[in-house]
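Residues: numbered from 1 along the sequence shown. Both backbone and side-chain heavy atoms feed into the values below; hydrogens, waters and symmetry mates do not.
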Amino acid sequence: MDNSETASAGRAAAHGPGTVLVLGASGYVGGRLVPLLLEKGWHVRAAGRSAEKLRCRPWAAHPACSITEADARDAGSLLQAMRGCEAAYYLVHSMSPGGRGFEGADRQAACAMVEAANASAAEATAADGGSGLRRIIYLSGLVPDDPQLSAHLRSRAEVARILALGRVPVTTLRAAQILGSGSASFEILRYLADRLPVMITPRWVRTQTQPIAVSDVLAYLAGCLEHPQTTGRTYDIGGPDILSYTELFALYADVAGLRRRVIIPVPFLSPALSAHWLNVVTPVPRALAAPLVEGLRNRVVCAENSIRDVIPLQLTDCRTAISMALDKVRQHAVATCWTDAGAITRPEWLAEGDAPYAGGTVLQDGYSMRVAASPEAVWEPVRRIGGETGWYYDDWLWRLRGLLDKLAGGVGARRGRRHPVDLRVGDALDFWRVLSVRHAEHLLLLAEMKVPGEAMLEIRVVPVGAQTELRMRAWFLPRGLWGLAYWYLVYPLHGLVFKGMLRALGRKAGADGSAPVRKLPPEDPAACRLPTDGGSAR
């Protein structure tokens, strides 16, 4: 970093808290960093691909927080988002559960970030020292000096190199596994140790790693703003413990009160086979498990610890980090989860209101029942649907569908839900994603299981005089002949399952569950395009 950059960073610190851009604010780390920065007095501009999704976060109403939409691969939208910001956190990663070709997507996003940051710096120069972006803070992976790096770690390192090519100096923090409630690494550890007393594993279980608690990651990220000398530097960040994965499993079992797990490493289990196994046993789908497993063969240990001199922390050991994460899970207090990342991909026909434009005819099937209860009473069991509560009728069918999806490499039903009662736009709910939610009125779910088309499930709560009508409707845009075959194969089950669910929901609402169930007439698909109220299903 040259003298002008040091002086610029120093001026930023001297002026006190300003506006900071958080790119990837809807992700696992970003969703926790925003409230921490707000607590420290910064003005935060939270950016993501869906403003609707961000507005549902508890911190979105903070007077010092503003919400903006930005596409990480569009330099124009990034420049618009960073105008007026003195620093930007780059927490963008394309390795989402449904992602493909994440290396190319990450490369494209990093180049767009450089282009936007250069334009911001140029605007500041033209304005004679105006408020252009002064620095970027990037959370990367801990990349070892290993010629056989996994594609995941190679991509993380490449993004750091691309960001460093721009005019705006970059602070890069390189972390190994992040231990915290809801992180992909912790969920893999938790599900494997909880469910398998005996594990036959690949040789990578002997590989050493240096995990770091998510609270320490956040402290380092926020601390970089308060220490201008970190500008333009690269730091390895890790916790105080260096463990093999075998030791990490044993530690988890001890903290969780489980019997010691028997781990048998074998040489013939490839990363591909391990990814398939993780896909079946854990909630992490194969598309995400495969690059993660490939990276487990690399020893990821900090090569230097100089950040500890700049930002001194009382680092959290692995035992404490695991204990804290388990407490959050048991208390249903998981602030963010690995399932939070990614855009809400609305079906084209839903956005356009034109099914033929989207490539076909939207098929539908629905039923309704009136119950002698208030909309609030009927909504109470609706908002608890899925997860540990289940689907109120023939749960084995839902579990079977989730298992089949898992075997096909999909997300399956083990993701559960973030909270047993609260629902927000963008939440994962078993193998669904919440597209729209209005308290005591409406719930719209998008299917994320593998289906030959686009499927949605809609539940409406409609007051009708002294009664409440509960409506349930399935929407499906088939893809080719396979899509049509799928629809007509499951069509007979709709009547059985929907009728059973409606009656069970009515009983849960305190009403007589024997009321007649009626088939709903066809409806214009545009009717389910309800905007959200920007909140959660309380």
Charged N-O contact under 4.0 Å between Asp254 and Arg319: yes
Where the side chain of Asp74 meets the backbone of Gly76, is there a donor-acceptor pair that is under 3.5 Å apart? yes
Could you check whether any side-chain N or O of Ser181 sits under 3.5 Å from a backbone N or O of Val329, counting only pairs where one atom can act as donor and the other as acceptor? no
Start with the C-alpha gap between Trp432 and Met449, add the side-chain angles, then the distance that decides, and say whether side chain to side chain contact (heavy atoms under 4.5 Å, CB included) holds. CA-CA 7 Å; Trp432 304 90; Met449 77 283 274; 4.1 Å; yes
Quick one: do Glu187 and Arg190 satisfy salt bridge (charged side-chain N to carboxylate O under 4.0 Å, His left out)? Show the steps, please. CA-CA 5 Å; Glu187 289 299 289; Arg190 181 165 75 94; 2.9 Å; yes
How many angstroms lie between CD1 in Ile136 and SG in Cys224, if you round to the nearest 0.5 Å? 13.5 Å
Does this structure show an ion pair linking Glu69 with Arg49, if we count only N-O contacts that are shorter than 4.0 Å? no
Can you tell if the side chain of Leu258 reaches within under 4.5 Å of the side chain of Tyr252, non-hydrogen atoms only? yes
Could you check whether Gln177 and Tyr245, counting side-chain N and O atoms only, form a donor-acceptor pair closer than 3.5 Å? yes
Answer yes or no: is there a donor N or O on one side and an acceptor on the other, between the side chain of Asp430 and the main chain of Gly387, under 3.5 Å? yes
Short side-chain donor-acceptor distance under 3.5 Å, Arg167 and Ser120: no
Tell me, with the steps shown, if Val44 and Thr19 meet side chain to side chain contact (heavy atoms under 4.5 Å, CB included). CA-CA 6 Å; Val44 178; Thr19 301; over 6 Å; no
Verify the distance criterion only: is there a donor paired with an acceptor across the side chains of Asp317 and Thr320 at less than 3.5 Å? yes
Salt bridge (charged side-chain N to carboxylate O under 4.0 Å, His left out) between Arg479 and Glu454: does it pass, once the steps are laid out? CA-CA 8 Å; Arg479 188 183 303 120; Glu454 293 174 336; 5.7 Å; no
Can you tell which of Arg174, Arg308, Glu304 makes a side-chain contact (heavy atoms from CB on, under 4.5 Å) with Tyr235? Glu304
Quick one: does any side-chain atom of Trp59 pair with a main-chain N or O of Gly31 as donor and acceptor, under 3.5 Å? yes
Any Tyr89 side-chain heavy atom under 4.5 Å of Leu225 side chain: yes
Would you give the length of the straight line joining atom CD1 of Ile307 to atom CG of Leu313, rounded to the nearest 0.5 angstrom? 8.0 Å
Working to the nearest 0.5 Å, report the span between OG1 of Thr171 and CG of Leu163. 11.0 Å
Restricting to non-hydrogen atoms, name the atom on Gly180 and the atom on Val214 that form the minimum distance, rounded to 0.1 Å. CA-CG1, 3.9 Å
Could you tell me whether a side-chain N or O of Arg299 sits under 3.5 Å from a main-chain N or O of Thr207, the two making a donor and an acceptor? no
Do Leu429 and Leu423 come close enough that some side-chain heavy atom pair is under 4.5 Å? yes
Could you go through the side-chain hydrogen bond (donor to acceptor under 3.5 Å, both in side chains) check for Thr68 and Arg45 one step at a time? CA-CA 7 Å; Thr68 188; Arg45 185 173 299 161; over 6 Å; no
Heavy-atom nearest pair, Ala253 first then Arg261, reads CB-CD, 4.2 Å
Using a strict cut-off of less than 4.0 Å between a Lys/Arg side-chain nitrogen and an Asp/Glu carboxylate oxygen, indicate whether Arg135 and Glu86 qualify as a salt bridge. no
Under 3.5 Å, is there a donor-acceptor pair between the side chain of Gln210 and the main chain of Cys302? yes
Any donor-acceptor pair under 3.5 Å from His227 side chain to Thr230 backbone: no
Side chains of Arg57 and Arg424: closer than 4.5 Å at any heavy-atom pair? yes
One should read off an interatomic distance between Leu173 CG and Thr234 OG1, to the nearest 0.5 angstrom, of 8.5 Å
Considering all heavy atoms, the nearest Cys318-Leu251 contact: CB-CD2, 3.6 Å
Does the side chain to side chain contact (heavy atoms under 4.5 Å, CB included) test come out yes or no for Ile162 and Arg107, once each step is laid out? CA-CA 8 Å; Ile162 292 172; Arg107 189 179 305 119; 3.7 Å; yes
What verdict does the side chain to side chain contact (heavy atoms under 4.5 Å, CB included) test give for Arg32 and Val217, after you've listed the backbone C-alpha separation in whole Å, the side-chain angles of each residue and the deciding distance to 0.1 Å? CA-CA 10 Å; Arg32 299 185 185 216; Val217 173; over 6 Å; no
Say whether Ser244 and Arg206, considering side chains only, have a donor N or O and an acceptor N or O under 3.5 Å apart. no
Under the 3.5 angstrom rule, does the side chain of Thr246 hit a backbone N or O of Val205 as a donor-acceptor pair? yes
List the atom of Val34, the atom of Cys65, and the distance in Å for their closest heavy-atom pair. CG1-SG, 4.4 Å
Measuring from atom CD1 of Ile178 to atom CG of Leu218, what distance do you get when rounded to the nearest 0.5 angstrom? 8.0 Å
Keeping the roles fixed (side chain from Arg73, backbone from Asp106), state whether a donor-acceptor pair exists under 3.5 Å. no
Value rounded to 0.5 Å, distance of OG in Ser155 from NE2 in His93: 6.0 Å
Taking all non-hydrogen atoms of both residues into account, name the closest pair between Val168 and Asn118 and its distance. N-OD1, 4.4 Å
Can you check whether Val29 reaches Leu139 side chain to side chain, under 4.5 Å on heavy atoms? yes
Counting only N and O atoms by type, is there a donor-acceptor contact under 3.5 Å from the side chain of Arg401 to the main-chain atoms of Ala413? no
Could you check whether Arg55 pairs with Glu52 (Lys NZ or Arg NE/NH1/NH2 to Asp/Glu carboxylate O, under 4.0 Å)? no
Nearest heavy-atom pair of Met199 and Phe249: which atoms, and what distance? CE-CD2, 3.9 Å
Asp405 and Lys450: CA distance, side-chain angles, deciding distance, salt bridge (charged side-chain N to carboxylate O under 4.0 Å, His left out) verdict: CA-CA 6 Å; Asp405 190 57; Lys450 288 185 176 294; over 6 Å; no
